[in-house]
Amino acid sequence: MRLISYFVLLLMGVVLTSYQRKPAEANVQRWIQSLTRESKKTVVDNDFSNILLDRRVPYVGYIGANYQKLSITFQRVHRTSANRYSVSGVTIVKNNRCNFRGTIDIIDNRRFIHPTYGVDDAMKGRFRRRGCSVAKYKLMEDTRQKSSGVFSGYLLFYWYETVDGRIVYDDIDDYSDSFCNNQYAGSWRSNSTRKAKPCAWGQYRVPICGDLDIGAGEFSVNPKYAKYGWEK
């Protein structure tokens, strides 16, 4: 009996150890895994602030099962450690505006194994590597403001390293219909009711948005959701 108990305890210890050592990226949602299959881990020591704060186009996004329009703007991004960024900004849903502060934590940096080089290979020889980074975010709206809550989830963004070693926003494929960057997806939880709603936003396209986006060449809202803030 003692021998059996010993082996049971040993097995439990192995399972517990395996669980504790499980890498953070193993928990990344499937939509990110599907977009990073042709890549492998890489090391990046550069500051991603310029990419996370990019404002070349406004974010487009939604909140809730009815795809209510969500507007979000990052006003400040500051690198506080090797993999953590402090951020702040503003969200608008309907006529409700909230200020938020939060963090973005990089959990995985990846390099694409077979990168493309843009139209007519125009970028060939002009970058060292193309890659992407996976992060977890937590954005806390001001509890003193009406209808505030907390956004949390995963972020995927794309970059490339120039020949002189700079990490910049990857817009090489911006001619493509499916082009996108800075893709956020997760949930929002109300500070007052504690109820959660799905939400997502991104530049050019929105991740896991069901039938909200019916555009071919660019993001275009399905008419059946127009009344949820998309008519303006």
Side-chain angles (χ1 to χ4, degrees), residues 24-25 27-29 31-32 47-108 133-158 169 180-210 212-213 219 221-222 225-232:
E25 58 267 26
N27 296 319
V28 176
Q29 295 180 11
W31 69 273
I32 291 182
D47 189 345
F48 290 120
S49 296
N50 62 319
I51 299 174
L52 298 172
L53 194 57
D54 185 88
R55 295 175 183 164
R56 65 191 64 201
V57 295
Y59 280 105
V60 58
Y62 74 87
I63 183 170
N66 61 355
Y67 296 114
Q68 176 70 46
K69 183 178 181 181
L70 163 69
S71 296
I72 184 166
T73 302
F74 287 88
Q75 298 176 323
R76 179 178 175 274
V77 175
H78 176 65
R79 189 186 192 192
T80 57
S81 65
N83 295 310
R84 171 162 284 197
Y85 295 79
S86 174
V87 301
S88 61
V90 175
T91 61
I92 299 177
V93 177
K94 297 181 181 179
N95 294 318
N96 192 68
R97 177 188 174 99
C98 284
N99 299 97
F100 70 81
R101 292 182 180 277
T103 55
I104 292 176
D105 292 292
I106 308 297
I107 60 174
D108 195 16
S133 295
V134 180
K136 295 183 73 173
Y137 66 87
K138 186 174 184 180
L139 312 176
M140 297 164 286
E141 293 177 319
D142 191 334
T143 56
R144 298 167 296 181
Q145 295 177 318
K146 180 182 176 182
S147 301
S148 65
V150 178
F151 293 89
S152 60
Y154 288 95
L155 155 67
L156 173 67
F157 62 89
Y158 300 95
Y169 184 104
C180 63
N181 209 334
N182 281 328
Q183 301 286 286
Y184 292 77
S187 64
W188 173 87
R189 186 175 296 276
S190 168
N191 286 326
S192 58
T193 68
R194 308 307 300 164
K195 291 182 178 180
K197 295 181 179 181
C199 63
W201 65 91
Q203 290 179 310
Y204 300 95
R205 296 287 185 172
V206 183
I208 52 175
C209 64
L212 172 65
D213 181 6
F219 179 86
V221 175
N222 190 324
Y225 301 115
K227 62 182 178 181
Y228 299 111
W230 299 98
E231 294 173 331
K232 297 179 180 178

Do [X] and [Y] have side chains that approach each other closer than 4.5 Å (heavy atoms only, starting at C-beta)?
X	Y	answer
Asn83	Ile107	no
Arg189	Lys195	no
Phe100	Ile72	yes
Leu139	Val87	yes
Thr103	Tyr137	no
Val150	Glu141	no
Ser190	Ser147	no
Gln145	Asn99	yes

How many angstroms lie between atom [atom1] of [X] and atom [atom2] of [Y], to the nearest 0.5 angstrom?
X	Y	atom1	atom2	result
His78	Ser88	NE2	OG	11.5 Å
Asn95	Lys146	CG	NZ	9.0 Å
Lys69	Leu212	NZ	CG	11.0 Å
Ser49	Asp54	OG	CG	12.0 Å
Ile32	Leu155	CD1	CG	7.0 Å

Begin from the C-alpha positions of Leu156 and Trp31 and carry the test side-chain contact (heavy atoms from CB on, under 4.5 Å) through to its verdict. CA-CA 10 Å; Leu156 173 67; Trp31 69 273; 4.2 Å; yes
Side chain to side chain donor-acceptor pair (under 3.5 Å) between Ser148 and Asn191, intermediate numbers included: CA-CA 6 Å; Ser148 65; Asn191 286 326; 2.8 Å; yes
Is it true that atom CZ of Arg144 has more than 12 heavy atoms of other residues, nucleotides or ligands lying nearer than 6.0 Å? no
Enclosure of Arg76 CZ (heavy-atom neighbours >12, cutoff 6.0 Å): yes
Please confirm whether the backbone N or O of [Y] pairs with a side-chain atom of [X], one donor and one acceptor, at under 3.5 Å?
X	Y	answer
Asp213	Val206	no
Gln68	Ile63	no
Asn181	Gln203	no
Arg79	Ala82	yes

So which heavy atom on [X] is nearest to which on [Y], and how close?
X	Y	value
Gln75	Leu53	C-CD1, 3.9 Å
Arg205	Cys180	CB-CB, 3.8 Å
Ile208	Gln29	CD1-OE1, 4.1 Å
Pro207	Ala200	O-CB, 3.5 Å

Using the ring-ring contact (aromatic ring centres under 6.0 Å, His included) criterion, which residues pair with Tyr169? Sequence neighbours excluded. none
Stepwise, does the side-chain contact (heavy atoms from CB on, under 4.5 Å) test hold for Ile104 with Lys138? CA-CA 7 Å; Ile104 292 176; Lys138 186 174 184 180; over 6 Å; no
Describe, in one word, how the ring planes of Phe157 and Phe48 are oriented to each other, choosing from parallel (under 30°), tilted (30 to 60°) and perpendicular (over 60°). perpendicular
Using 30° and 60° as the class limits, which term best fits the ring planes of Phe151 and Trp188: parallel, tilted or perpendicular? tilted
Asp105/Arg84 salt bridge by N-O under 4.0 Å criterion: yes
Taking it one step at a time, do Phe74 and Tyr85 satisfy ring pair (Phe, Tyr, Trp, His ring centres under 6.0 Å)? CA-CA 12 Å; Phe74 287 88; Tyr85 295 79; over 10 Å; no
Would you sort out whether Phe219 and Trp201 count as a ring pair (Phe, Tyr, Trp, His ring centres under 6.0 Å), showing the intermediate values? CA-CA 12 Å; Phe219 179 86; Trp201 65 91; over 10 Å; no
Within the 6.0 Å centroid threshold, strictly below: Tyr225 and Tyr62: no
